[in-house]
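Below: one structure, written as structure tokens.
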2 protein chains.
Amino acid sequence: MAHSSKDSHPCPVSRLMAVLSGPWTMYILWVLSTQGATRFGALKRLVEGISTKVLTERLRLLEQEEILYRHYEPTVPPQVTYGLTARGLELCTVLDQLNALAESWYSISSKSQAIALGCYKPPSP
Amino acid sequence: MAHSSKDSHPCPVSRLMAVLSGPWTMYILWVLSTQGATRFGALKRLVEGISTKVLTERLRLLEQEEILYRHYEPTVPPQVTYGLTARGLELCTVLDQLNALAESWYSISSKSQAIALGCYKPPSP
DNA sequence: CGGAATCCCGCAGGATACTG
DNA sequence: CAGTATCCTGCGGGATTCCG
């Protein structure tokens with residue numbers, strides 16, 4: 001959560017975790033993995049409560065790590081679409097396992113199962 | 001990183017990530033998984049640079065989630081030992097997969113492979 | 001529409017000192 | 001030895017405003 005993007009990380013997990021551990025990040029991944037490629041505005045609406053600043057920060061980071069791609073369409077008004085890359089899909093596979101583990105520990109209160117992976121977001125004030 | 005221990009999390013991963021994403025946490029897990037059960041002082045020495053405050057905070061959290069156990073021996077001076085629980089070991093299995101993924105992405109600079117899992121720590125100032 | 005820039009603030013984390 | 005208690009500080013995130 002320090003890690004200002006250019007830090008040299010001692011090892012791979014270090015680097016990956018530095019990305020994933022940011023607030024909203026998992027939530028964003030989850031939205032993209034369930035909704036498919038999504039435009040900026042829609043994303044902001046779906047990840048309800050996030051500020052534009054943080055959303056763009058997270059997207060840039062995830063893009064740098066090639067976990068998601070950014071497609072810019074120079075129409076007027078411009079359209080920008082974000083979606084998971086191959087890496088992003090791989091990642092979600094592992095995250096799903098993490099989710100399965102978590103579910104088995106904190107035995108699920110029935111129907112919340114559908115919203116499984118990555119609903120990680122800060123508690124609403 | 002908000003999440004002051006009593007927050008009700010919307011879903012399992014949310015809760016698990018809130019624990020794992022804290023700075024030093026993965027590093028602590030990595031040390032315990034490689035060194036085995038370790039005493040407080042030794043842990044503080046191994047996780048070099050961490051403050052006692054944060055170390056105890058993280059240990060308490062991980063203990064609450066039953067990812068590690070705390071064994072108190074009332075000798076003089078007292079001895080406290082921390083080690084991974086069954087859950088902790090399960091968790092490390094999945095984290096290892098995350099590590100494998102990260103390694104395949106950021107292709108490893110040869111010999112740093114040994115320090116694989118969880119070397120996640122803030123960059124030294 | 002999809003951002004970049006700016007300001008402001010809380011609280012997580014560091015350092016230090018002290019106890020059972 | 002294994003922590004608590006206190007104070008201090010930075011910076012990460014929210015809100016707002018402006019740009020192409």
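Order of the sequence lines sets the chain letters (A, B, ...), proteins ahead of strands, with each chain counted from 1.
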Response to the item:
For B/Val19 and B/Glu65, the nearest pair of non-hydrogen atoms, with its separation, is CG2-CG, 3.7 Å
Worksheet item: Quick one: do the A/Gln79 and A/Tyr72 side chains pair a donor with an acceptor below 3.5 Å?
Response: no
Worksheet item: Taking atom P of D/dT16 as reference, at what distance in whole Å does atom CD1 of A/Ile50 sit?
Response: 16 Å
Worksheet entry | Given DNA chain D, 5'-ward residue of the pair A/Thr52 and A/Pro78, judged by closest heavy atom | A/Thr52
Worksheet item: Separation of A/Leu59 atom CG from C/dG3 atom C1', in whole Å?
Response: 11 Å
Worksheet item: Under 4.0 Å between a side-chain N/O of A/Arg39 and OP1 or OP2 of C/dG2, yes or no?
Response: yes
Response to the item:
In whole angstroms, the gap separating C1' of D/dG20 from CZ of A/Phe40 amounts to 15 Å
Worksheet item: Quick one: A/Glu48 CD to D/dG14 C1', roughly how many Å, whole number?
Response: 15 Å
Fill in: Donor-acceptor pair, side chain of A/Thr25 and main chain of A/Ser21, under 3.5 angstrom
no
Worksheet item: Roughly, in whole Å, what's the span from NZ in A/Lys53 to C1' in D/dC18?
Response: 16 Å
Worksheet, complete the sentence: From CD of B/Gln79 across to P of D/dC1 the rounded distance in Å is 10 Å
Worksheet entry | Among C/dG13, C/dC1, D/dG13, the one nearest B/Arg58 by side-chain distance | C/dG13
Practice prompt. Considering just the side-chain nitrogens and oxygens of B/Arg60, establish if one lies under 4.0 Å of OP1 or OP2 belonging to D/dT4.
Written response: yes
Worksheet item: A/Glu57 side chain: which of D/dG13, C/dG14, C/dG3 is closest?
Response: D/dG13
Worksheet item: Counting just side-chain N and O atoms, does B/Trp24 come under 4.0 Å of either OP1 or OP2 of C/dA12?
Response: no
Worksheet item: A/Tyr72 has an atom OH; how far is it from atom C1' of C/dC1, in whole Å?
Response: 9 Å
Worksheet item: How is A/Thr56 classified with respect to the nucleic acid when contacts are heavy atoms under 4.0 Å: base, sugar-phosphate, or nothing?
Response: sugar-phosphate
Discussion item. Expressed as a whole number of angstroms, how long is the span from B/Leu55:CG to D/dC1:P?
Written reply: 15 Å
Practice prompt. Using the six-membered ring of B/Tyr82, assess whether NZ or CZ of B/Arg39 lies under 6.0 Å from its centre and within 45 degrees of the ring axis.
Written response: no
Discussion item. For the residue pair A/Glu90 / B/Trp105, report whether a side-chain donor-acceptor contact shorter than 3.5 Å exists.
Written reply: yes
Discussion item. Side-chain N or O of A/Tyr82 versus OP1/OP2 of C/dG3: is the shortest distance under 4.0 Å?
Written reply: yes
Worksheet item: Quick one: is D/dG3 close enough that its OP1 or OP2 comes under 4.0 Å of any side-chain N or O from B/Arg70?
Response: yes
